[in-house]
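Every chain is numbered from 1, with letters handed out A, B, ... down the list of sequences.
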Protein chains: 2
Amino acid sequence: MTKAPAPQTLDLIFAALADPTRRAILEMLLEDDMAVTDVAEPFEMSLAAVSKHLTLLMRAGLIAQEKRGRVKWCKLEPDAMRASSIWMQGFGQFEALDLDGLERFLEAELGEDAG
Amino acid sequence: MTKAPAPQTLDLIFAALADPTRRAILEMLLEDDMAVTDVAEPFEMSLAAVSKHLTLLMRAGLIAQEKRGRVKWCKLEPDAMRASSIWMQGFGQFEALDLDGLERFLEAELGEDAG
DNA sequence: ACTATATTCAACCAAATGGTTGACCAACAG
DNA sequence: CTGTTGGTCAACCATTTGGTTGAATATAGT
């Protein structure tokens with residue numbers, strides 16, 4: 001697998017991940033596929049703003065959207081992160097699955113980020 | 001180790017990585033520490049512009065700068081990438097060291113990106 | 001047909017980004 | 001001291017970003 005992505009892909013992915021709202025959205029989608037309205041619910045911004053965030057996430061390939069009826073379902077597309085993950089691995093030989101660190105980290109991130 | 005980073009850290013790191021010039025700089029620094037002027041040399045933009053990029057990379061913790069004489073040396077700080085690497089690992093249980101994919105990928109990235 | 005819900009579109013706005021140039025400061029060389 | 005090199009600072013500019021609001025579109029319910 002792991003086909004080499006177009007150069008601009010990394011731009012889109014990293015730019016998408018640079019926003020706390022969008023990271024929070026990805027974390028929400030990690031637990032369940034969600035409709036746009038439900039994605040927007042916990043945020044204080046307008047639905048249109050969240051819709052724009054979702055568009056960016058989709059252009060980066062990080063989520064997929066499927067319209068069923070009038071509801072557009074958003075679903076995580078975690079493979080897209082692989083490109084950036086691979087790129088970063090060139091810089092430090094990280095251990096892959098630092099679950100301990102992940103746990104502690106996500107606590108902080110979920111607790112304080114992007115409400 | 002792997003201390004949980006402040007929430008804003010991910011903003012800074014991902015934003016820093018979203019720019020092809022800055023990624024190219026990091027790739028250059030992967031091979032050697034470099035003076036600011038030498039970092040700037042391959043790029044078509046002004047020295048001041050590259051200096052700004054380096055400032056962003058430093059604020060993100062991705063590089064360190066040490067002034068010796070009138071020369072400011074830039075050196076990769078790969079540990080900073082760990083925070084984002086850890087965050088991403090929550091989304092797909094990537095295998096850590098996909099060297100095969102890395103190789104193919106860096107070829108494309110180095111060949112076409114940010115000249 | 002009417003109405004409500006789900007979502008996007010369009011126009012707009014403030015702030016940030018990525019670049020420029022020219023002035024500036026620091027450090028070495030003569 | 002003078003001049004040159006290394007690097008940043010300040011002011012500026014165009015574009016992008018992240019948000020707003022109000023209108024528009026599409027689907028569903030009655």
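Summarising the geometry, atom OG1 belonging to B/T37 is positioned 11.5 Å from atom NZ belonging to B/K72; distances are rounded to the nearest 0.5 Å.
Distance CZ (A/R59) to C1' (D/dT16): 11 Å, rounded to an integer number of Å. The CG atom of B/L57 sits 13 Å away from the C1' atom of C/dG18 (whole-angstrom rounding). Taking atom CD on B/Q65 and atom P on D/dG6, their separation rounds to 16 Å, with Å as the unit. C/dT8 atom P lies 7 Å from atom CG of A/L54, rounded to whole Å. One atom, CZ of B/F14, and another, P of C/dT17, lie 16 Å apart when rounded to the nearest Å. Going from atom CE of B/M58 over to atom C1' of D/dG7 covers 12 Å, rounded to whole Å.
A continuous path of ILVMFWY side-chain contacts below 4.5 Å connects B/L54 to B/M58, so both sit in one hydrophobic cluster. Hydrophobic clustering of Ile, Leu, Val, Met, Phe, Trp and Tyr side chains at less than 4.5 Å, counting indirect connections, unites B/W87 with A/M28.
Within the 4.5 Å cutoff, side-chain heavy atoms of A/H53 are placed close to those of A/M45. The side-chain heavy atoms of A/M88 and A/F14, taken from C-beta on, include a pair separated by under 4.5 Å. Contact annotation: the side chain of B/K67 never approaches that of B/Q65 to less than 4.5 Å [non-hydrogen atoms, C-beta and beyond]. By the 4.5 Å heavy-atom criterion applied to side chains, B/S84 and A/L17 are not counted as neighbours.
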Q: Dump the intermediate steps for side-chain contact (heavy atoms from CB on, under 4.5 Å) on A/V36 and A/C74, then the final yes or no.
A: CA-CA 7 Å; A/V36 173; A/C74 305; 3.9 Å; yes
What's touching nucleotides 26-30 of chain C from the protein side, N or O pairs under 3.5 Å?
from: C/dA27; atom 1: N3; to: B/R70; atom 2: NH1; distance (Å): 3.3

Enumerate all atom pairs, one protein N or O and one N or O from nucleotides 19-21 of chain D, separated by less than 3.5 Å.
from: D/dG19; atom 1: OP2; to: A/H53; atom 2: NE2; distance (Å): 2.1
from: D/dG19; atom 1: N7; to: A/K52; atom 2: NZ; distance (Å): 3.1
from: D/dG19; atom 1: O6; to: A/K52; atom 2: NZ; distance (Å): 2.3
from: D/dT20; atom 1: OP1; to: A/S46; atom 2: N; distance (Å): 3.4
from: D/dT20; atom 1: OP2; to: A/S46; atom 2: N; distance (Å): 2.8
from: D/dT20; atom 1: OP2; to: A/S46; atom 2: OG; distance (Å): 2.8

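At C/dT8, one or more side-chain N or O atoms of A/S51 fall inside 4.0 Å of OP1 or OP2 (strictly under the cut-off).
In terms of modelled atom types and a separation under 3.5 Å, the side chain of B/D19 and the main chain of B/T21 share a donor-acceptor contact. At least one donor-acceptor pair under 3.5 Å links the side chain of B/R22 to the backbone N or O of B/A16.
Along DNA chain D, the nucleotide closest to B/T55 and the one closest to A/L56 are compared, and the more 5′ of them pairs with B/T55.
A side-chain contact (heavy atoms from CB on, under 4.5 Å) with B/L62 is found for one member of B/D79, B/L57, B/L29 and no other, namely B/L57.
If one axis is set at each end of the helix from C/dA1-D/dT30 to C/dG30-D/dC1 from five pairs, those axes are 10° apart, to 10°.
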